K.L.:
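Next up is a structure, given as structure tokens.
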There are 2 protein chains.
Amino acid sequence: MPRPAVPARTPLPRAVEEVDTRFLETLLGYNARRAALAVIDVFVQRMEPYGLKPVDFSVLSLVRHNPGITSRQLCTTLGILPPNLVGMINTLEKRELVERLPHPRDGRAMGLHLTTGGQKLMRDAEKTAAELEADFASRLTPAELRTLIGLLQKVYREP
Amino acid sequence: MPRPAVPARTPLPRAVEEVDTRFLETLLGYNARRAALAVIDVFVQRMEPYGLKPVDFSVLSLVRHNPGITSRQLCTTLGILPPNLVGMINTLEKRELVERLPHPRDGRAMGLHLTTGGQKLMRDAEKTAAELEADFASRLTPAELRTLIGLLQKVYREP
DNA sequence: TATTGTTATACTCTATAACTATA
DNA sequence: TATAGTTATAGAGTATAACAATA
């Protein structure tokens, strides 16, 4: 005896017990975003004592390793739009972490430099950031971490 | 003759020729974020013909593979807050891609299902998403892509 | 009492147009 | 004319509080 026909187009009201995420997990974008959010979550926690958000950290780190860097250079390097950088720099300047000095060759531009306080803060903050990497080596071996970072760079660097 | 003393604390106004990003590039968070943004950028372009943003795609893909999934389940799976999901679902419902049906066992909840149109759209959209993966295999070998995704999952999955 | 879905709302992040001063 | 920095502002994304209906 043939089983009763089921209307093909009417969804049966059944409940989902466990969510199947297998398809999404085949996608690089999904995995990259999830991983980025996980790492950045921890990063945010560890940087709270310094009063630095991830962007602030990136900006100050670039200023530290590139004294005299201009706003424009920061924007292109970090993918920030110039109007959105202004407020960040203002805040960091009010906290006396950076200072704007005249650019030696371009009268329109300002060179950014860390103050003494900014240098001290970033020495500690970068050490904390480096320690965070070491902590993730509990999920990943040091070799896996190196491989991962290398592959990520292959993804975002222009070919 | 001794060279003239340079005041140690006064930053010399020098220009930065090329930005040194080496420190940031040692950080997993920085690399993961850059890679995620690069992939998602391409994803956004490819999904434009379908009128889907990355979140819309994730939602519809989960509904496709989990017919009857509830809003709550979507939120916990994707890390979206319930108030922010409401508008998305409303829009997708107005486009007649999903429909809300009563949940078989919980009178408070609604089970989400793809409409016939939604099924057709997502068949194509998921195929496009899978092709995008293949395209990144020009920067990465298939083996590297598998390794990368495996390592990313190690990073964001709870230990 | 706790949870699902919802509204209202605020806050942050990101994006666009336009101005100024220098090149 | 083109560019660096800035202002003002709009839009998207993300957050919290509170409520009705149901468990």
Side-chain angles (χ1 to χ4, degrees), chain A residues 13 15-16 19 33-34 36-38 40-41 43-45 47-48 51-59 63 66 68-94 98-113, chain B residues 13 15-17 19 33-34 36-38 40-41 43-45 47-48 51-59 63 68-94 98-113:
Chain A
V16 172
V19 178
R33 179 154 194 278
R34 291 285 306 254
L37 291 179
I40 290 169
D41 257 21
F43 192 88
V44 168
Q45 292 169 26
M47 285 301 146
E48 214 179 321
L52 298 179
K53 285 174 288 186
V55 203
D56 301 320
F57 178 89
S58 301
V59 167
V63 174
N66 301 271
I69 192 172
T70 67
S71 295
R72 167 61 59 174
Q73 286 175 313
L74 281 173
C75 284
T76 57
T77 304
L78 294 175
I80 305 171
L81 291 170
N84 300 330
L85 184 67
V86 178
M88 303 180 206
I89 303 283
N90 284 339
T91 306
L92 295 173
E93 202 174 27
K94 277 188 200 106
V98 296
E99 50 187 347
R100 290 180 233 232
L101 278 85
H103 190 280
R105 291 199 312 270
D106 190 334
R108 298 166 302 182
M110 306 290 288
L112 295 167
H113 299 262
Chain B
V16 172
E17 302 308 331
V19 178
R33 178 153 195 277
R34 292 285 306 253
L37 291 179
I40 290 170
D41 256 22
F43 192 87
V44 167
Q45 292 169 26
M47 285 302 146
E48 213 179 321
L52 299 179
K53 284 171 291 185
V55 201
D56 300 320
F57 178 89
S58 301
V59 167
V63 174
I69 193 172
T70 66
S71 294
R72 168 62 58 174
Q73 288 175 312
L74 281 173
C75 284
T76 57
T77 305
L78 294 175
I80 305 171
L81 291 171
N84 300 329
L85 184 66
V86 178
M88 302 180 205
I89 303 284
N90 283 340
T91 306
L92 296 173
E93 203 174 28
K94 277 189 200 104
V98 296
E99 50 188 348
R100 291 179 234 230
L101 278 86
H103 190 280
R105 291 199 314 270
D106 191 333
R108 298 166 302 182
M110 305 291 287
L112 294 167
H113 299 262

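Numbers restart at 1 for each chain; the letters A, B, ... are given by sequence-line order, proteins then strands. Quantities reported herein were computed from a predicted structural model and do not represent experimental measurements.
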K.L.:
Over how many whole Å does the gap from A:Ile80 atom CD1 to D:dG5 atom C1' extend?
P.N.:
15 Å
K.L.:
Would you check if the side chain of B:Gln73 reaches a backbone N or O of A:Val16 as a donor-acceptor pair within less than 3.5 Å?
P.N.:
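Flag set: sc B:Gln73 to bb A:Val16 pair under 3.5 Å.
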K.L.:
In Å, rounded to the nearest 0.5 Å, how long is the span from CG of A:Leu92 to CG of A:Leu52?
P.N.:
7.5 Å
K.L.:
Could you say whether A:Lys53 or A:Arg105 is positioned toward the 5' end of DNA chain C, judged by the nucleotide with the nearest heavy atom to each?
P.N.:
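Whichever sits nearer the 5' end wins; that is A:Lys53.
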K.L.:
Not counting sequence neighbours, which residues clear side chain to side chain contact (heavy atoms under 4.5 Å, CB included) with A:Asn84? List them please.
P.N.:
A:Ile80, A:Leu81
K.L.:
Quick check: do A:Ile89 and A:Leu74 have side-chain heavy atoms less than 4.5 Å from each other?
P.N.:
yes
K.L.:
For the CE atom of B:Met110 and the CD atom of B:Glu93, what is their distance to the nearest 0.5 Å?
P.N.:
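The distance works out to 7.5 Å.
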K.L.:
Could you give the CZ-to-P distance, from A:Arg108 to D:dA4, as a whole number of Å?
P.N.:
6 Å
K.L.:
Specify the residue among B:Gly107 and A:Ser71 whose closest nucleotide of DNA chain D lies further upstream toward the 5′ end.
P.N.:
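Per heavy-atom nearest nucleotide, the more 5' residue is A:Ser71.
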K.L.:
What pair of heavy atoms forms the shortest contact from A:Gly51 to A:Asp56, and how long is it?
P.N.:
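Result for this residue pair: O-OD2, 4.5 Å.
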K.L.:
Below 4.5 Å, heavy atoms only, C-beta onward: do B:Asn90 and B:Arg100 meet side chain to side chain?
P.N.:
yes
K.L.:
Step by step, work out the side chain to side chain contact (heavy atoms under 4.5 Å, CB included) result for B:Leu37 and B:Arg33.
P.N.:
CA-CA 6 Å; B:Leu37 291 179; B:Arg33 178 153 195 277; 3.8 Å; yes
K.L.:
Check every nucleotide of DNA chain C for an atom under 4.0 Å from a heavy-atom of chain A, then give the first and the last such nucleotide from 5' to 3'.
P.N.:
C:dC13 to C:dA23
K.L.:
To the nearest Å, how far apart are B:Ile40 CD1 and D:dA12 P?
P.N.:
18 Å
K.L.:
In whole Å, what is the span from the CG atom of A:Asn84 to the P atom of D:dG13?
P.N.:
15 Å
K.L.:
In degrees rounded to 10°, what angle is found between the helical axes fit to the five outermost pairs at each end of the helix from C:dT1-D:dA23 to C:dA23-D:dT1?
P.N.:
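The two end axes of the helix from C:dT1-D:dA23 to C:dA23-D:dT1 meet at 10°.
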K.L.:
Rounded to the nearest 0.5 Å, what separation is found between the CG atom of B:Leu112 and the OG atom of B:Ser71?
P.N.:
5.0 Å
K.L.:
Rounded off to whole Å, could you give me the CE-to-C1' distance for the B:Met88 and D:dG13 pair?
P.N.:
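Nearest whole value for this atom pair: 8 Å.
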K.L.:
If I take atom CG in residue A:Leu81 and atom C1' in nucleotide D:dG11, what distance separates them, rounded to the nearest angstrom?
P.N.:
13 Å
K.L.:
Measuring from the side chain of A:Asp106 (C-beta onward, heavy atoms only), which nucleotide among D:dT7, D:dA4, D:dA15 has the closest atom?
P.N.:
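Of the options given, the side chain of A:Asp106 lies nearest D:dA4.
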K.L.:
Please give, in whole Å, the distance from D:dT22 P to B:Arg72 CZ?
P.N.:
18 Å
K.L.:
Separation of A:Ile89 atom CD1 from D:dT7 atom P, in whole Å?
P.N.:
13 Å
